[in-house]
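Have a look at the structure below, then the notes.
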Amino acid sequence: MIAHIALVVALLTTQHYEVTMTERDLGAGASRGTLDLRIAPDGVVSGFYRAMSGGAPRNVSGGRDGSAIWFDFENLSFTGTIDAKGIRGRAFRDGGATEYVLTAVSEPNP
């Protein structure tokens with residue numbers, strides 16, 4: 001039983017990412033922040049996003065299936081891919097009216 005609990009805790013380790021988001025049509029004015037994610041064995045994604053400009057941490061929730069990952073935070077919906085180096089994809093705001101390119105580089109846990 002203790003070994004099972006230790007395995008579950010190990011699988012839920014938080015991974016830290018340095019995030020850059022750039023509005024696709026403008027290509028300038030990158031937003032930066034950090035993303036701390038936990039991915040459960042069943043693919044449930046949870047964590048927090050913190051903008052470098054300040055403000056309270058924002059809840060992140062979503063899922064993962066293989067290399068595909070998706071999650072929501074603030075009023076953004078993200079879809080993309082994940083690997084050992086990080087996360088890449090697109091985030092959409094306002095029901096898809098505004099598109100951002102999101103890159104999250106995997107960093108050692110703080």
Side-chain angles (χ1 to χ4, degrees):
M1 178 68 168
I2 293 174
H4 177 71
I5 292 170
L7 177 61
V8 170
V9 170
L11 291 173
L12 293 178
T13 300
T14 300
Q15 182 62 45
H16 183 76
Y17 298 90
E18 295 292 327
V19 176
T20 303
M21 281 191 298
T22 306
E23 190 171 338
R24 186 169 182 256
D25 291 337
L26 298 178
S31 298
R32 299 191 192 290
T34 61
L35 187 60
D36 293 306
L37 292 182
R38 290 177 302 283
I39 303 174
D42 64 358
V44 173
V45 172
S46 61
F48 295 96
Y49 172 78
R50 292 170 184 85
M52 295 303 258
S53 60
R58 305 293 184 196
N59 287 322
V60 174
S61 62
R64 177 183 179 177
D65 185 11
S67 65
I69 188 167
W70 58 94
F71 50 82
D72 296 327
F73 65 97
E74 294 186 324
N75 58 348
L76 293 168
S77 295
F78 170 82
T79 59
T81 59
I82 184 171
D83 61 26
K85 294 179 182 178
I87 300 171
R88 289 163 302 287
R90 300 202 168 154
F92 298 90
R93 183 185 308 270
D94 304 324
T98 306
E99 181 180 354
Y100 297 85
V101 176
L102 184 144
T103 304
V105 178
S106 181
E107 296 287 335
N109 290 326

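With sequence neighbours excluded, the residues satisfying side chain to side chain donor-acceptor pair (under 3.5 Å) with T20 are R32. Annotation: side-chain contact (heavy atoms from CB on, under 4.5 Å) contacts of F48 (sequence neighbours excluded): R50, P57, N59. Not counting sequence neighbours, the partners of Y100 by the side chain to side chain donor-acceptor pair (under 3.5 Å) test are R93.
Taking the side chain as every heavy atom from C-beta outward, I87 and T103 never approach each other to under 4.5 Å. You'll find the side chain of M21 reaches within 4.5 Å of the side chain of Y49, heavy atoms only. With a 4.5 Å cut-off on side-chain heavy atoms, F92 and T98 do not count as touching. Looking at I82 and Y17, their side chains come closer than 4.5 Å, going by heavy atoms from C-beta outward. Side-chain contact between T79 and I69 is absent, with no heavy-atom pair separated by less than 4.5 Å.
Residue pairs meeting the salt bridge (Lys or Arg N to Asp or Glu O under 4.0 Å) criterion with at least one partner in residues 76-90, sequence neighbours excluded, are D83-R88, R90-E99. Listed by first and then second residue, the salt bridge (Lys or Arg N to Asp or Glu O under 4.0 Å) pairs involving residues 62-72 amount to none (not counting sequence neighbours). Contacts classified as salt bridge (Lys or Arg N to Asp or Glu O under 4.0 Å) and involving residues 52-62 (residues at least two apart or in different chains) are given here: R58-E74.
Taking CZ from F73 and CZ from F78, the interatomic distance works out to 8.5 Å, rounded to the nearest 0.5 Å. Rounded to the nearest 0.5 Å, atoms OG (S77) and CZ (F71) are 10.5 Å apart. Put simply, CD on Q15 and CG on L37 are 8.5 Å apart, with the number rounded to the nearest 0.5 Å.
What you find for S106 and A84 is that their closest heavy atoms are CB-O, 3.6 Å.
For the residue pair T34 / E18, no side-chain donor-acceptor distance below 3.5 Å is found, with atom types taken as modelled.
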